[in-house]
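Remember, it's a predicted structure, so these values are computed and weren't measured experimentally. Each chain gets a letter, A, B and so on, in the order its sequence line appears, and its residues count up from 1.
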2 protein chains.
Amino acid sequence: MLRLVVSYALISRPTLAGTLALPFQPSPSVDAVAEQIRRTGARATPARIRVLQLLRDAPAALTHNEIESALGARAIDRVTLYRVLDWLAESGLAHKNTDAHRVYRFSAAAAGEHLTHVHFRCEDCGGVFCLAAAPPAAPALPLGFSLSRVDFDLRGRCAGCCAASS
Amino acid sequence: MLRLVVSYALISRPTLAGTLALPFQPSPSVDAVAEQIRRTGARATPARIRVLQLLRDAPAALTHNEIESALGARAIDRVTLYRVLDWLAESGLAHKNTDAHRVYRFSAAAAGEHLTHVHFRCEDCGGVFCLAAAPPAAPALPLGFSLSRVDFDLRGRCAGCCAASS
DNA sequence: CGACCAGACGCAACATTGTTGCAATAACTT
DNA sequence: AAGTTATTGCAACAATGTTGCGTCTGGTCG
């Protein structure tokens, strides 16, 4: 839970607003989220609705652990949460990525996304920050290789962790 | 072991030679490797020598598992291998990265390395291929962030996995 | 409205990867 | 050759993620 709080605090800093591309969207109603889920042909269950809503409200990608904590009491089953997250990723409603600690992080899919993602990954707290910088063009691949996505990852320490250690 | 074999086979394909930047180096003698280890101030133990030699001969980054298999009989202890690998990474003799399956991969450090690395990561077999393409310039970071490395990661399926599934 | 049923859930058990504590060993020094 | 201390090996543990299977329920249809 601490890590989640830290991420929130960092991203909401005014000094970062100019360079960070926040995935903020007006928090959609339960009905809108449920409808979005149903459009995929699947059932709009409480677990899926709650998790997707949480992801859409979150300003950064969340881990399974952070989501479990954020759900607080009336937490849904650990395995169910894993399955919901995997389903969200497979159905395209969310993205599944790995952070610097080799843990999956999930974020709500937004409209107008690119093949290429530019992120800053803190090696200390594991947080992932979406940068607004223009992605570079992908180079040519060896014969027979097929490309599905491109990541431009900057690694180091985020402002919060730099400040905390000095 | 299978995965290791596959990686070797793929990388050694002639059609890929032009685009892949192989970390091949003339396999150094045991003495040379031992001396390199001693120069760091640590002891040149059989475990460290064997592992570092293996990494230098490998054309791709290897996982703990692959290294364990490659050592075959007279395998060194699982924990010792973890510690040797971590020590190699900390002392700068090897690099420690994460593959598409969130597993650490280790590769021997080579002279003349850049801050930026360009890799193709197969989402199927988890293999990591070092590309020769010129790395793009890193964009500006938000205030207070410090940069330690830049990764330009192309993800998809490698030639071997594409061929295997068709 | 009420029954149906495939899809979703919850529980338990398991798999893999990586880590920690501690006593025994061996690499380097003198 | 003996001594020091870094390194090893064993055992136990931790965290993350997965699988099997019986139960429940969301959406549909009569």
Side-chain angles (χ1 to χ4, degrees), chain A residues 1-3 30-31 33-52 61-69 71 73-91 93-94 96-106 125-126, chain B residues 1-4 30-31 33-52 61-69 71 73-91 93-94 96-106 123 125-126:
Chain A
M1 192 57 193
L2 175 62
R3 188 177 296 164
V30 173
D31 290 337
V33 171
E35 181 50 32
Q36 185 182 20
I37 292 173
R38 262 187 287 267
R39 261 198 302 273
T40 70
R43 295 183 184 167
T45 65
R48 286 175 178 168
I49 295 171
R50 287 174 68 197
V51 171
L52 182 52
L62 304 180
T63 65
H64 174 278
N65 209 334
E66 289 168 349
I67 295 170
E68 209 172 15
S69 301
L71 291 176
R74 306 197 333 252
I76 63 187
D77 184 72
R78 222 171 64 89
V79 175
T80 299
L81 179 52
Y82 273 116
R83 288 201 265 237
V84 164
L85 289 171
D86 279 342
W87 175 85
L88 284 171
E90 271 171 29
S91 63
L93 295 178
K96 180 180 187 177
N97 289 109
T98 304
D99 72 8
H101 296 335
R102 316 176 322 284
V103 174
Y104 288 132
R105 278 181 184 272
F106 299 84
C125 69
Chain B
M1 190 59 192
L2 176 61
R3 188 176 295 165
L4 178 60
V30 173
D31 290 337
V33 172
E35 181 49 34
Q36 186 182 18
I37 292 173
R38 262 187 286 268
R39 260 200 299 274
T40 70
R43 294 181 184 171
T45 65
R48 284 175 180 167
I49 295 171
R50 287 174 69 196
V51 172
L52 182 51
L62 304 179
T63 65
H64 174 278
N65 210 336
E66 289 167 349
I67 295 171
E68 209 170 16
S69 302
L71 291 177
R74 305 196 336 249
I76 63 186
D77 184 73
R78 221 172 65 87
V79 174
T80 299
L81 179 52
Y82 273 116
R83 288 200 265 235
V84 164
L85 290 171
D86 280 342
W87 176 83
L88 284 172
E90 271 171 29
S91 63
L93 296 178
K96 181 180 186 176
N97 290 108
T98 304
D99 72 8
H101 296 335
R102 314 176 325 284
V103 173
Y104 287 133
R105 278 182 185 271
F106 298 85
E123 293 173 328
C125 69

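The base of dG17(D) sits within donor-acceptor range of the side chain of Arg78(A), with an N or O pair under 3.5 Å. Judged by atom type and distance alone, Arg43(B) reaches the base of dA6(D) through a side-chain donor-acceptor pair under 3.5 Å. Donor-acceptor pairing under 3.5 Å, judged by distance alone, is present between the side chain of Arg83(B) and the base of dG9(D).
For dT17(C), one of the phosphate oxygens OP1 or OP2 lies less than 4.0 angstrom from a side-chain nitrogen or oxygen of Asn65(B). Within the structure, every side-chain polar atom (N or O) of Thr45(B) is placed at least 4.0 Å from both OP1 and OP2 of dA27(C). Distances shorter than 4.0 Å separate some side-chain N or O of Tyr82(B) from OP1 or OP2 on dG18(C).
With ring centers used as reference points, His64(A) lies 6.0 Å or more from Tyr104(A).
Remark: Arg83(A) engages Val79(A) in a side chain to side chain contact (heavy atoms under 4.5 Å, CB included) (not counting sequence neighbours).
At whole-Å resolution of the value, CZ in Arg105(B) and P in dT17(C) are 11 Å apart. Protein atom CZ of Arg50(B) is 18 Å distant from nucleotide atom P of dT7(D), rounded to whole Å.
DNA chain D is contacted by both Pro46(A) and Thr80(B); Thr80(B) maps to the nucleotide lying nearer its 5′ end (nearest heavy atom per residue). A residue-by-residue look at Arg48(A) and Arg102(B) shows that Arg48(A) has its nearest nucleotide of DNA chain C further toward the 5' end.
When distances are taken from the side chain of Val103(B) to each of dG10(C), dT17(C), dG17(D), the shortest belongs to dT17(C).
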